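The structure displayed is predicted, hence computed values, not measured ones. So that the names make sense, note that chain A is the first sequence line, chain B the second, and so on, each numbered from 1. Every heavy atom of this structure was used, including side-chain atoms; hydrogens, water molecules and symmetry mates were not.
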Amino acid sequence: MKQFISVTDVPSVPRLAEIALDYKKNPYKDKGIGENKKLGMIFLNPSLRTRLSTQVAASNLGMEAIVFNIDKEGWALEMKDGVIMSGNTTEHVKEAAAVMGQYFDILSIRTFPGLKNKDEDYTEKYIHQFIKYAGKPVVSLESATLHPLQSLTDLITIKERWNQPRKPKVVMTWAPHVKALPQAVPNSFAEWMNAWGEVDFTITHPEGYELDPKFSGQAHIEYNQDKALEGADFVYVKNWSSYVDYGKILNTDPHWQFTNEKLRHTNDARVMHCLPVRRNVVIADEVLDGPNAIVIPEAGNRVWAAQAVLSEILKHGK
Amino acid sequence: MKQFISVTDVPSVPRLAEIALDYKKNPYKDKGIGENKKLGMIFLNPSLRTRLSTQVAASNLGMEAIVFNIDKEGWALEMKDGVIMSGNTTEHVKEAAAVMGQYFDILSIRTFPGLKNKDEDYTEKYIHQFIKYAGKPVVSLESATLHPLQSLTDLITIKERWNQPRKPKVVMTWAPHVKALPQAVPNSFAEWMNAWGEVDFTITHPEGYELDPKFSGQAHIEYNQDKALEGADFVYVKNWSSYVDYGKILNTDPHWQFTNEKLRHTNDARVMHCLPVRRNVVIADEVLDGPNAIVIPEAGNRVWAAQAVLSEILKHGK
Amino acid sequence: MKQFISVTDVPSVPRLAEIALDYKKNPYKDKGIGENKKLGMIFLNPSLRTRLSTQVAASNLGMEAIVFNIDKEGWALEMKDGVIMSGNTTEHVKEAAAVMGQYFDILSIRTFPGLKNKDEDYTEKYIHQFIKYAGKPVVSLESATLHPLQSLTDLITIKERWNQPRKPKVVMTWAPHVKALPQAVPNSFAEWMNAWGEVDFTITHPEGYELDPKFSGQAHIEYNQDKALEGADFVYVKNWSSYVDYGKILNTDPHWQFTNEKLRHTNDARVMHCLPVRRNVVIADEVLDGPNAIVIPEAGNRVWAAQAVLSEILKHGK
């Protein structure tokens, strides 16, 4: 694996999932492979799980992770080519990425979308500029449109809980939120479920919340949430802002909140969320505090996903 | 030891002090016990000594310390149960603590009191919510009402300087300050001196500055500072805001500042302070720059206190 | 080497350069010498290269680097003696430096000049206060008037590219900028080139931009940029604010920008800059993106400079 920005960078999704679950059983078996290797972790946006789980994963491989909050500890980067830099940006990504590429064996970076300009966000300008100039393998810690470390985590969280011969029914349901959120997590979850192919995958949301078809692909789209949830084995709850009417909040209907009443439509489904979750807005307390929620072990699995990705790049990234 | 929030968590205070002073002599003797162990250090408030000394202590044990300034690098946490999270808080402590508990072997956290609501502060709502949901041993890096790493440090700083058969006279004296400060350090110092029992302990402060009797306990309270200082072998200088008239500054009398004139009332006492100290407000230059001040080696001892606590939890925390 | 604040702290500049270039060939050869050693990295100002390269250098020596953004994670320090600390400063440097000296084997610190008061900046009050009270070797991560880690880097970047018997002609040229910048980098570059003595060194700048003669020393000063550049083998481009009319911007003439037209005056010179660089203000895209720019490998060399300095202090700093 040469980089980790999208599922399309992964030679074999089932194999990567297996590697991750092997690390869960034996976290320190590859401690030697990170010796003298440095991981740069560059944050342009806040992070809890991604930051901490990736630091732990690097440490499990004997690799040194160095965190740099470039927005707070550094300065603003210029992303556009050819500009006269007489304004607020202090350094061009051409230099910043290339310099960090001199210091680290793997560069990882988190950057959120502006949610103003769909083209700019969906061309992933920022992370591609980084890749172009870094000269080292780049791992996404969530980019404008995708969050692959989260999706690999979600996949192994389902995989380790399913041993029936039939495919599990997995339903990703939109839920309300007070802020306009990126589509990165739902895009990425859809992309990975489709690429994996081991699940029967449905997406449900109000009209106007259709995801970019590049990511939703062959998933079954059902606008009636109750109907979509019928027979679900896993429910992935998530808010996102509109892709069509880009970055807008079109719906605040609290009936889309995931509650025990919604759970009763399912096949006693396990309930997932990438976190942070706004309780009683996105998912009700009764669900999160009940026996069906698996959001905490799901977040715990972030370590093994990151560890699999880092180890594959250390082994095959050159 | 299963956690370290208060002196009441410590099976034997003299034994813990001994362990700390042993590390001072031989810092790396237990370097193996932290192998593959991770310490999460969560800050909701600024810190210099606690942060750095605990990082050094973890390193001395071969343990990886990962710092997370959740207030700056993360987001605001919701502490109340049952609320509809449609406001400024992004994540509930139920998830945040439980998730961090998945990543770390020991969680440590610093959180200051609001000094508005005595009940909320004195029930230690915040740190107890963390403990409840973390599922791992929790170490206080200072909480709303207590600062046990500081107090263990203070205790060993006295212990290593006293080898006479009689108990030393230890006087904790209030001093003025320009801001309303927590009672955490004086509460904790009192709690530890009382629990230790190897000192003759006096507290002196203006009227209205009485500490919560739960912590001041059997200490001798003397409102006349000069009288209190008579024969003191150790003087612990500290400002705090009123506990009775909660969080208020009731007195700004500069005569309570600790000066060489005050020192003359003592038995050539060693002068202690937890730092940071506002010079010429709390303690005069002449004292801090004089031969009786031991605030620097006291701060240095923070490492051994933290190392003793971490090692005891690594050994017996399960 | 007991400290690293200026070239005058270096027993032998050629020897230090050799040590740095040896580490470039074999980064991990001295991994044992940092065992159980801690480097404190104290930032009062933002940093990218200095921060990350020094962390990597410490790691290559097996030394633990602990970063502390005292301005963001701590509080404001008082630098003046004898003041009544009833204002905005929370801790005096006497305590802060001495306490950090208790925790670390080497203390490194970055602090920028105020550019208001020449005497205060040029006496290097801040870093000297740190040195005075730290009680441990201090390494400058850039101070008010000097940036020696950058200059050692620049020196080895020239050295490794020059194997002719004659001395290379090195020209440091002023360039425009939108902000008033410190003189630390040009002062330091001049100081090191002069101390090294292995180059024919010229400085060119508009009138009014003369550096402190203490640093420019015997360098050839030429006010005509084109004439200065004639025959140059290396060009070091840098903006600085006026030293004479202290901290002021006296000139914004875009003709001082370094372009391909300027390059044609040289002997096919390599073009250097400490970074971050404002493109098309200080240096044109055509130069930075062309074959003569060596700013990225120059930045990469920061690691070996820092590693040489840390190792020499670890070996001989006591």
query: Donor-acceptor pair, B:R51 side chain versus C:F68 backbone, under 3.5 Å?
result: no
field: Inter-residue atom distance B:R302.CZ - C:Q102.CD, 0.5 Å rounding
entry: 12.5 Å
query: Quick one: of B:L275, B:V282, B:V303, B:N45, who has the most non-hydrogen atom pairs under 4.5 Å with chain C?
result: B:L275
- prompt: Would you say C:K29 has more than 12 foreign heavy atoms packed within less than 6.0 Å of its NZ?
  reply: yes
- prompt: More than 12 non-hydrogen atoms from neighbouring residues, nucleotides or ligands closer than 6.0 Å to CD1 on C:I84, yes or no?
  reply: no
message: Within a 6.0 Å radius of atom CD on C:E35, are there more than 12 heavy atoms belonging to other residues, nucleotides or ligands?
response: no
message: Can you tell me which portion of B:K31 sits under 4.5 Å from chain C's heavy atoms? Options are side chain, backbone, both or neither.
response: side chain
Greater than 12 external heavy atoms within 6.0 Å of B:N26's CG: yes
field: Check: C:M85 main-chain N/O paired with B:R279 side-chain donor or acceptor under 3.5 Å
entry: no
message: I'd like to know whether CG of B:N88 has more than 12 heavy-atom contacts from other residues, nucleotides or ligands below 6.0 angstrom.
response: no
- request: Report the C-alpha separation of C:E91 and B:R49 in whole Å, then their side-chain angles, then the decisive distance to 0.1 Å, and conclude whether the side-chain contact (heavy atoms from CB on, under 4.5 Å) test is met.
  value: CA-CA 12 Å; C:E91 182 155 22; B:R49 273 152 288 275; 2.8 Å; yes
- prompt: At their closest point, which heavy atom of B:V178 faces which heavy atom of C:S86, and how far apart are they?
  reply: CG1-CB, 3.6 Å
- request: Would you sort out whether C:N69 and B:K72 count as a side chain to side chain donor-acceptor pair (under 3.5 Å), showing the intermediate values?
  value: CA-CA 12 Å; C:N69 299 305; B:K72 296 180 187 70; over 6 Å; no
- prompt: With only heavy atoms counted, which part of C:E73 is less than 4.5 Å from chain B, the side chain, the backbone, both or neither?
  reply: both
query: Side chains of C:K38 and B:N60: does their closest heavy-atom pair fall under 4.5 Å?
result: yes
message: I need the minimum non-hydrogen distance between C:N36 and B:Y28, along with the two atoms involved.
response: O-OH, 3.1 Å
task: Let me see the working for C:V83 and B:N280 under side-chain contact (heavy atoms from CB on, under 4.5 Å), right down to the final yes or no.
output: CA-CA 7 Å; C:V83 296; B:N280 304 314; 5.7 Å; no
Heavy atoms of other groups near B:E18 CD, more than 12 under 6.0 Å: yes
message: A side-chain contact here means heavy atoms from C-beta on lying under 4.5 Å apart; do C:E64 and B:V56 qualify?
response: no
- prompt: Is there a donor-acceptor contact under 3.5 Å from the side chain of C:Y103 to the main chain of B:T54?
  reply: no
field: Contacting moiety of B:S47, where chain C heavy atoms sit under 4.5 Å
entry: backbone
task: Show your reasoning for whether side-chain contact (heavy atoms from CB on, under 4.5 Å) applies to B:D289 and C:K94.
output: CA-CA 9 Å; B:D289 297 333; C:K94 286 186 183 183; 2.9 Å; yes
field: Atom pair CG/CE of B:L48 and C:M100 - distance to nearest 0.5 Å
entry: 5.5 Å
- request: Identify the two heavy atoms, one from B:D285 and one from C:G82, that lie closest to each other, and give their separation to 0.1 Å.
  value: OD2-CA, 3.2 Å
message: To check you understand the geometry: which heavy-atom pair defines the closest contact between C:G74 and B:P46, and what is its length?
response: O-CB, 3.6 Å
- request: Name the option with the most non-hydrogen atom pairs under 4.5 Å to chain B; the candidates are C:V67, C:T89, C:I70.
  value: C:T89
statement: So, the part of B:D71 with a heavy atom under 4.5 Å from chain C: the answer is neither
query: Got a second to check how far C:K37's NZ is from B:S59's OG, nearest 0.5 Å?
result: 12.0 Å
